[in-house]
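Presented below is the structure to which this report refers.
Residue numbering restarts at 1 for every chain, and letters A, B, ... go by the order of the sequence lines. Computed from heavy atoms alone, side chains included, the values below leave out hydrogens, waters and symmetry copies.
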Amino acid sequence: MSQSMYQEIILDHYKHPHHKGLRDPYDVEVHHVNPTCGDEVTLRVHVADGVVQDVSYDGQGCSISQASTSVMTDLVIGKQVDEALRTSEAFLELMQSRGQLEPDEDVLEDGIAFAGVSRYPARVKCALLGWMAWKDATAQAADPTRRGTS
Amino acid sequence: MSQSMYQEIILDHYKHPHHKGLRDPYDVEVHHVNPTCGDEVTLRVHVADGVVQDVSYDGQGCSISQASTSVMTDLVIGKQVDEALRTSEAFLELMQSRGQLEPDEDVLEDGIAFAGVSRYPARVKCALLGWMAWKDATAQAADPTRRGTS
Amino acid sequence: MTSLLAVTAGGQRSTSFDVEAVRADFPVLSRLIGGRPLVYLDNASSSHKPRQVLDAERAFVEQHYSNVHRGVHTLSQEATDGYEAARDTVARFLGAPDSHGVVFTKNATEAYNLVAYSFGNAAAGSRFALGPGDEVCVTEMEHHSNLVPWQMLCERTGATLRWIPLTDDGRLDLTDLESLVNERTKVLAFVHVSNILGTENPVDVLVARAREVGALTLLDGAQSAPHQPVDVVALGVDFFVLTGHKMLAPSGVGVLWGRRELLDAMPPFLGGGSMIEVVQMSGSTYAPAPERFEAGTPVISQAVALAAACDYLQGIGLDRVLAHEQALTARLISGIHDLDGVTIIGPDSLEDRGAAVSFSIEGVHPHDVGQSLDELGIAVRVGHHCAAPVCRRYGVPATTRASSYLYNTEAEIDALLEGITSVQRFWSA
Amino acid sequence: MTSLLAVTAGGQRSTSFDVEAVRADFPVLSRLIGGRPLVYLDNASSSHKPRQVLDAERAFVEQHYSNVHRGVHTLSQEATDGYEAARDTVARFLGAPDSHGVVFTKNATEAYNLVAYSFGNAAAGSRFALGPGDEVCVTEMEHHSNLVPWQMLCERTGATLRWIPLTDDGRLDLTDLESLVNERTKVLAFVHVSNILGTENPVDVLVARAREVGALTLLDGAQSAPHQPVDVVALGVDFFVLTGHKMLAPSGVGVLWGRRELLDAMPPFLGGGSMIEVVQMSGSTYAPAPERFEAGTPVISQAVALAAACDYLQGIGLDRVLAHEQALTARLISGIHDLDGVTIIGPDSLEDRGAAVSFSIEGVHPHDVGQSLDELGIAVRVGHHCAAPVCRRYGVPATTRASSYLYNTEAEIDALLEGITSVQRFWSA
Ligand SMILES: Cc1ncc(COP(=O)(O)O)c(C=O)c1O
Ligand SMILES: Cc1ncc(COP(=O)(O)O)c(C=O)c1O
């Protein structure tokens, strides 16, 4: 089995996810679902001094959604919120590229393993599940009036 | 111009319609419209002693609808209602035959000229306009409770 | 068991079903996927189309096409003849008494909505009118297309939606049928053969109960009409729905069959050209069925293609198609029984079931199963199969579903079974 | 005037339009009707389809077909790519800012109904909700398909339907525009180019008035999109509708384009698979546009074919298509002027008009005109052209309509003019 889409990186993150499990303290918790396959993630963010202090999560889903959430936590925890958002934009752009974009390893690190996934429109939503949850939670954390609306 | 569909008989009836014009006495008057082309006929029947005493009509329409109404009056006036209804069934059957039926000249007389029209579904409604009006009016004449419902 | 089945149906037919000859009619079946022969087991989602159907459509479009019902010129008459002949063919295919009850739609989904909106549009007091206190009953195994339109109808009218629940082994739980289908029930809409579970439902029992209480019945035949002989009169339903793309026809055509006296009494759904009688700016009157429900330019060449698909299927014989598929299903189910860690979701036996088989592989998410099988050239479907409540009922986020059709072979079933084993190896490594 | 037009559009194009080369793409055009070459002048009813479009559809169906949006296997991805690429192509064809506003329907008629039902389904208080006191405005020259859905909507909701009347020379009478389109007007739905009169309406004037009062605008482009460059942003409308079969694509596909923020805010119309987000038995939530409005298996290969038709038209250039048709229309109108007893119904000049020309022949019923012309191989349309109120307005039961397209020639126009003369001879004999 060649399993071209399943790079070692993805399999590693899937089998040994980073930062998994829900932790305290947190500012916002969100719950996102991929309606096409029922994949779910519950995700918490803790932001302080403009820095992503922690992201913790729990959920069920396919290797792509689980691995990409794990990669995401590596990429955003400890970063300035602005910078983390730029990283998430870069990942989003990669996923919408239909295999046409050469990812920047300096920015996306392990995230570059998902370049191949972008050729499979049905899987793009899987790869974005955790990222979208994080973005939503972070936006709520920045705007206390929106907290709990998701 | 070969004008295959327009047999001499049809053209004759169209140019010199029989029994045209509204007359008294009558029992029932109906107004029928062919919604696909706006053709209209106003038709009166006078029935007595189980015999079609008179059918008179006025209207506007294409050669087919006008000629077929003219032919119809020839075929039903003076007949027993039962027999006239059988004639109208025979004409209906001919028109729905899509060119597959050999018409019986003894029954349909000039009506056989419309055999070719049955191959043109869009024109079948034209050929039936007057006949349907007559049938409706006759049914109402036979059943006084239905008079004026059309 | 052999792939050349000698099927004897009522002593009438005994020539064998030649699956290789059938396969030769479907160009896509010789495609390679990543260097491996395509094994297409996603037929419950959509089927491929044989040359004969595509040729019939093309010949019609290239030589006899025009708009229908509207013109007196030759092409318009030929096109109308072709379109109406297609209606006749579909009527015969369904065992319908005449073609007036055959309405062409764009898919099955439009057909359910047509009926649901007609109910919603009915004037108060009409037999179709719905309001608070009235009920619509469906089942928990409906495809979203035969569920959401009724949810929307109930929301608009204040009627109540009820549903027949499922047993643990993937069948309708009829314990409370008498209370679920009751004097308040206006419509009972249910699936003939489930696209996710494969279950074939007891139409006779449900129709009998509906008749007792005077409810109208709508049978979703999207997964039965392609695979088995169907006779709407024998089934005794009021409405029957099929969709062309699952039965060898192109996308873009479906059929609502309805008892003619019902269709003639139902208020229209889509307004527009062809469905009218007299149009004035201040208001319009409507044509009788089926025209009343075919607003605008209809799906002309698609209907012609659907008729060619009906002819193709009847040329082979639906009984033989069914027997062939049953043999494949038997092989698949017994093969799955021989594997560890694979669970069938839906009836585990061959009794009253179609060719769609859903399963879960322990420890591997269906998405990963589907993608891994694709790398072997095997096309199955993964997800909720537009029947999310069924997944919820059985506690799975999604399933993997293999569904065969007349052109599948035993070798392909074996390839799938081997594929499942290598998926398990890959994901447990 | 020559049939090889050297068209210069903004100095960009100067190669000539080769009508014979175009004709070679349409197999039906070499058919004989009763021994005479077909002269097809019924394009406003439906157009023929070039080889390129049929080939593109067939290649897709034979090699890349599957259901869309649902699978992870290769064919499913290829089919989804093909279908979504078609959406992109249509968006470009319409000058739309992006493809999210492009909804595939089965025809234009479904598109008007989609918008009308969405309004009907809207919750009270929503910007789409309609009720007594609200108004919908159309024109007296609407095709039934852009009239009846609004009549039905008004009947369901208690809103009032108003219409802009016509002048004697076949144009909109805008004298009372300010009162017809007023603060109560929720939607102004009108035809871009009339299929019966040929009139091209002043979109800018109507859109400006609608904007003043906050009414949404829907433009019926069924007869404009096939024949002239269209830019929905420049037109400034909120919704635009086209139908594939009139623009070289197969039957069974139409398009509703809508401003994305409107589509996203509109309640759904048809319920079913693919248009949902989360489905529970007790209720469902819906996907964003365009999926929200594409319930069930969409018109997949028909959308692919429509995209090929857009490519075909743009390959030639809509400006050149338009110029070619204008030359034919000019020849037809001046030819009719030279005949006695033939009256044009609709604009008698070339200004602001399309290629559909309706006329009456004194003393001969349109049905007889159509049938007689058919015996000469000439296909025109006779009837009310799904615009019965227009016939009533001009006091005729029906009209005869000739409508040309890119593949028609001056010789064909001349054949029609001669045909009219022999019709007159035959029927006055
Ligand atoms: C101006 C106009 N609008 C709408 C339509 C309806 O198009 P369709 O029948 O494809 O839905 C037509 C054609 O019939 C038309 O000419
Ligand atoms: C059981 C069942 N009902 C209805 C449908 C809907 O058919 P369509 O998508 O063609 O409208 C499907 C297929 O998707 C189905 O499997």
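- Taken from OG1 in D/T74 to OH in A/Y120, the straight-line distance is 6.0 Å, to the nearest 0.5 Å.
- Ranked by non-hydrogen atom pairs under 4.5 Å with chain A, the options D/V72, D/V278, D/T80 are led by D/V72.
- No more than 12 heavy atoms of other residues, nucleotides or ligands shown are found within 6.0 angstrom of CG on A/D49.
- Environment of NZ in D/K186: crowded, with over 12 heavy atoms of neighbouring residues, nucleotides or ligands closer than 6.0 Å.
- Contact of the D/E277 side chain with the A/V33 side chain is not registered, since no non-hydrogen atoms from C-beta on lie closer than 4.5 Å.
- Nearest heavy atom pair, residue D/Q77 against residue A/R119, reads OE1-O, 4.4 Å.
- Atom NZ of A/K125 has 12 or fewer neighbouring heavy atoms from other residues, nucleotides or ligands inside a 6.0 Å radius.
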